[in-house]
Amino acid sequence: MRNKVIAGNWKMNKVLAEADQFADSVSGNLPDDDNVEAIVCAPFPFLPTLVEKAKGSNLKIGAQNMHFEESGAYTGEVSPVMLQDLGVTHVVIGHSERREQFAETDETVNKKVHAAFNHELTPIVCVGETLEQREANETMSHIENQVRTGLKQLTDEQIGSLIIAYEPIWAIGTGKTASSSDADQVCSLIRSVVKDMTSENVAEQVIIQYGGSVKPASIDELLEQPDIDGALVGGASLEPESFLKLVEAGTK
Ligand SMILES: O=C[C@H](O)COP(=O)(O)O
């Protein structure tokens, strides 16, 4: 049985005092249940405070991006070494907003995933189709390609330990959630691609999240689906009460 993994992606929101308050409200109130994991992926400036405040609690702290190099002349970038040094445990890689606005490709995603594993960070690898691709019946081929290229040359053990987030781009921040069965169909395809790349055991281990306008009111139905193991949540992860409800859903 796979754990349920609920990750908040704050994107470019909050100031430090708000991040601080969030950690105070959430860290002591998470369910005491080993079968559910709670992660907050926050902007870089908040990471040291959040890691400190999350110590001794069930809350894990992730970053939203990183460079694939360890150091060097990359003005404005943050390296995996820096994240590891801070005590960050997870990193979102290849979010559609980074692919669209910052020219990330499946190849850079793959380099970043390797770099994450070299520094003991668990990657949350994002894949998803545009509305045009969905309407042209290209969803499955597009997602398969993203998974195969993004996870290239990883060991079976690495693939079994990472998180894949399926986020249809047309459902992000729009209030449109994919129907739970449509979302599950794509998550099931992702699992079969992983199986083809590795083995049945690894495919059974890998955590696959759904993301795109997930709210406390919609998460239960999504988590009931056989191939959906959690959620990557933007807007509804910003407030403590809502985040706690999302995590609570993982315990059911
Ligand atoms: O990473 C999170 C996703 O982009 C979903 O964002 P959203 O829940 O605000 O639609």
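Position 1 is the first residue of the sequence; numbering continues from there. Both backbone and side-chain heavy atoms feed into the values below; hydrogens, waters and symmetry mates do not. Atoms within each ligand, like the ligands themselves, are counted from 1 in listed order.
Shortest contact from atom 2 (C) of ligand 1 to any protein heavy atom: E167 OE2, 3.1 Å. Nearest protein neighbour of atom 8 (O) of ligand 1, counting heavy atoms only, is G234 N, 2.9 Å.
Using a 4.0 Å cut-off between heavy atoms, N9 contacts ligand 1 through its side chain alone, with no backbone atom that close.
On a distance-only criterion, V233 and ligand 1 share no N/O pair closer than 3.5 Å. Every N/O-N/O distance between G212 and ligand 1 stays at or above 3.5 Å. Taking only nitrogen or oxygen atoms, main chain and side chain alike, T174 does not reach within less than 3.5 Å of ligand 1.
Looking at G128, A171, G235, it is G235 that brings a heavy atom closest to atom 9 (O) of ligand 1.
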Using side chain to side chain contact (heavy atoms under 4.5 Å, CB included), reason through R134 and D182 one step at a time and then give a plain yes or no. CA-CA 11 Å; R134 174 156 284 257; D182 282 353; 4.0 Å; yes
Step by step, work out the salt bridge (charged side-chain N to carboxylate O under 4.0 Å, His left out) result for D196 and R148. CA-CA 10 Å; D196 192 55; R148 286 192 184 276; 2.7 Å; yes
Evaluate the side chain to side chain contact (heavy atoms under 4.5 Å, CB included) criterion for residues E97 and I172: first the C-alpha distance (whole Å), next the side-chain angles of each, then the deciding distance (0.1 Å), finally the verdict. CA-CA 10 Å; E97 288 151 14; I172 296 177; 3.6 Å; yes
Go through the steps for I164 and V206 under the test side chain to side chain contact (heavy atoms under 4.5 Å, CB included), then give the verdict. CA-CA 8 Å; I164 300 174; V206 69; 4.2 Å; yes
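Within the structure, the closest approach of A236 to ligand 1 does not fall below 4.0 Å when heavy atoms are considered. At least one heavy atom of K11 sits less than 4.0 Å from an atom of ligand 1.
No donor-acceptor pair under 3.5 Å is formed between the side chain of R2 and the backbone N or O of D229. The backbone N or O of N35 lies less than 3.5 Å from a partner atom in the side chain of D33, making a donor-acceptor pair. Although no hydrogens or angles enter the test, the distance criterion places a donor-acceptor pair under 3.5 Å between the side chain of Y210 and the main chain of A178.
Within ligand 1, the atoms closer than 4.0 Å to a non-hydrogen atom of S213 are 7 (P), 8 (O), 10 (O), numbered from 1 in the order shown.
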